[in-house]
Protein chains: 2
Amino acid sequence: MASLQAQEIRPYHHGDLSRALIQAGRRILEMGGPAALSLRAVAREAGVSPAAPYHHFKDKCELLEAIAKEGWMELTSAIAKARARAPDARAALTNIGVAYVCFARDNPALYRTMYDGACDRATMPDHAKKGDSGWRHVREALLEAGADPAEERDLELATIAAWCAAHGVAEMAGFKEFEPLKNALGGEEPFVRAVLEHVGIFAAMSRPKTPG
Amino acid sequence: MASLQAQEIRPYHHGDLSRALIQAGRRILEMGGPAALSLRAVAREAGVSPAAPYHHFKDKCELLEAIAKEGWMELTSAIAKARARAPDARAALTNIGVAYVCFARDNPALYRTMYDGACDRATMPDHAKKGDSGWRHVREALLEAGADPAEERDLELATIAAWCAAHGVAEMAGFKEFEPLKNALGGEEPFVRAVLEHVGIFAAMSRPKTPG
DNA sequence: GCACCTATGTGAACGGTGTCAAGATAATCT
DNA sequence: AGATTATCTTGACACCGTTCACATAGGTGC
């Protein structure tokens, strides 16, 4: 019944428990999904009593947010890398979308945790909009692909649209119904790419302006 | 501390407890969100002991699925109505999208419950694909809007894309960051319509075929 | 070195949860 | 009517989030 780590005799004070708790939480998330992520389980996994986390996080919710924050930062860096690797501006947007969906596929429980927090507060996390953020990468990719910088409203609408589409695909791409099509297209990534390109904003950037 | 209903002296046997439990569950969902939806709370709300639900649902999960099923049926009928009301085939698709997002906005907790179940099983619910389903409505709307019936693969990709986009918008349209834009566009529904139209598949049905 | 303060850990406890087994009660079938 | 079956209740179990009082360790001023 030993915990998976931290079995070396730990000193009474841990040293960096908040960090250890976040890592333990992510480990549990990967192994057992969001349902397995109880505060007590995290404490157990970190080799610490159930009350210890309360000296570092006021809430279970606050720990979840710390875990989610890590996820957002990693998602941002995946987006940045995908954009940097693109051969041209038009490809960048699709690359970002594919990277986004792949991140969600590779870290499903983490991704759910990230968005659950966002939905509960009805807010994008800070890291998605400010500074070096995924949001900004999408916006800039749209501009480089030919969006009119003078039409701020259209640009914001397009950014929202792209983000929403990627999120939708991210949450649904794993559904079993799509397996035949996935196989027909030669795997998961081509499938995701094809869906994203059908969504439109990723492929049809240069269509005539929307009326309005 | 009285329960909200069922205070008339109920006979020992309820009569139609499973139905009452589903209704109680929906009431709790509306008032307190998904977090408030415990099996015991549902039993309390229905005026029944905590173990009673187990004679009708093997699990908490099974009750949630029953609640979600109701949600899917109502969503389907909202989609059907929206499609029927559209002046022409092209408008039908956008109308469906708007109806979808509005349903999610008006029943946020129910919508979350519906999709949580789907995500856990990595499957669309039966009612979304078979028979008179939202899925089929989208597919038919795409065909009527000019999709090539011979290109089955493209049609399925487009259906997936439209559904994913609507889902993404549904989950994010309530975010606070978008309020300024919402106001600028004259309210929630115009905002949703604009985002959906920017997503592309809803407006750019007639663009040239995708390569591949 | 020593007393003290603060940060960080432990243990036990509270009410809440999902679930189950055993028993009570009512409807139904013969 | 008696027996069977479906339904509901009571009571228990382990787990959960959270809080409290207390124990321990690291650091600071003397």
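Chain letters run A, B, ... following the sequence lines, proteins first and then strands; every chain starts at 1.
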* Asked: Quick one: side-chain contact (heavy atoms from CB on, under 4.5 Å) partners of B:Ala194, sequence neighbours excluded?
  -> A:Leu157, B:Leu185

* Structure fact -> Sorted by chain and number, sequence neighbours left out, salt bridge (charged side-chain N to carboxylate O under 4.0 Å, His left out) with B:Glu30 holds for none

* **Euclidean distance, atom CG of residue B:Leu17 to atom P of C:dA26 [Å, nearest integer]** => 16 Å

* **side-chain contact (heavy atoms from CB on, under 4.5 Å) involving A:Ala86 - partner list, sequence neighbours excluded** => A:Ala91, A:Ala92, A:Asn95

* List in chain and number order the residues that pass side-chain hydrogen bond (donor to acceptor under 3.5 Å, both in side chains) with B:Arg85, two or more places apart in sequence or in another chain; answer none if no residue qualifies. => none

* To do: Calculate the interatomic distance between A:Asp16 atom CG and D:dA25 atom P; express it in whole Å.
  => 19 Å

* **Cationic N near anionic O, under 4.0 Å, A:Arg193 to A:Glu189** => yes

* Asked: Think A:His56 has a side-chain N or O under 4.0 angstrom from the OP1 or OP2 of C:dA7?
  -> no

* Can you tell me how far P of C:dA7 sits from NZ of A:Lys58, to the nearest Å? -> 19 Å

Grab the N/O contacts between the protein and nucleotides 16-18 of chain C below 3.5 Å, and write none if there aren't any.
residue : atom : partner : partner atom : Å
C:dT17  : OP1  : B:Ser38 : OG           : 3.2
C:dT17  : OP2  : B:Arg44 : NH1          : 3.2
C:dG18  : OP1  : B:Leu39 : N            : 2.6
C:dG18  : OP1  : B:Lys60 : NZ           : 3.4
C:dG18  : OP2  : B:Leu39 : N            : 3.0
C:dG18  : OP2  : B:Arg40 : N            : 2.9
C:dG18  : N7   : B:Arg40 : NH1          : 2.4
C:dG18  : O6   : B:Arg40 : NH1          : 2.9

What side-chain donor-acceptor pairs closer than 3.5 Å can you find for residues 101-117 of chain A, not counting sequence neighbours?
residue  : atom : partner  : partner atom : Å
A:Asn107 : ND2  : A:Phe103 : O            : 2.9
A:Tyr111 : OH   : A:Tyr100 : OH           : 2.8
A:Tyr111 : OH   : A:His167 : ND1          : 2.7
A:Thr113 : OG1  : A:Ala109 : O            : 2.8
A:Tyr115 : OH   : A:Tyr100 : OH           : 3.4
A:Tyr115 : OH   : A:Trp163 : NE1          : 2.9

* **Proximity to the side chain of B:His55 - top-ranked nucleotide from C:dG9, D:dT7, D:dT10** => D:dT7

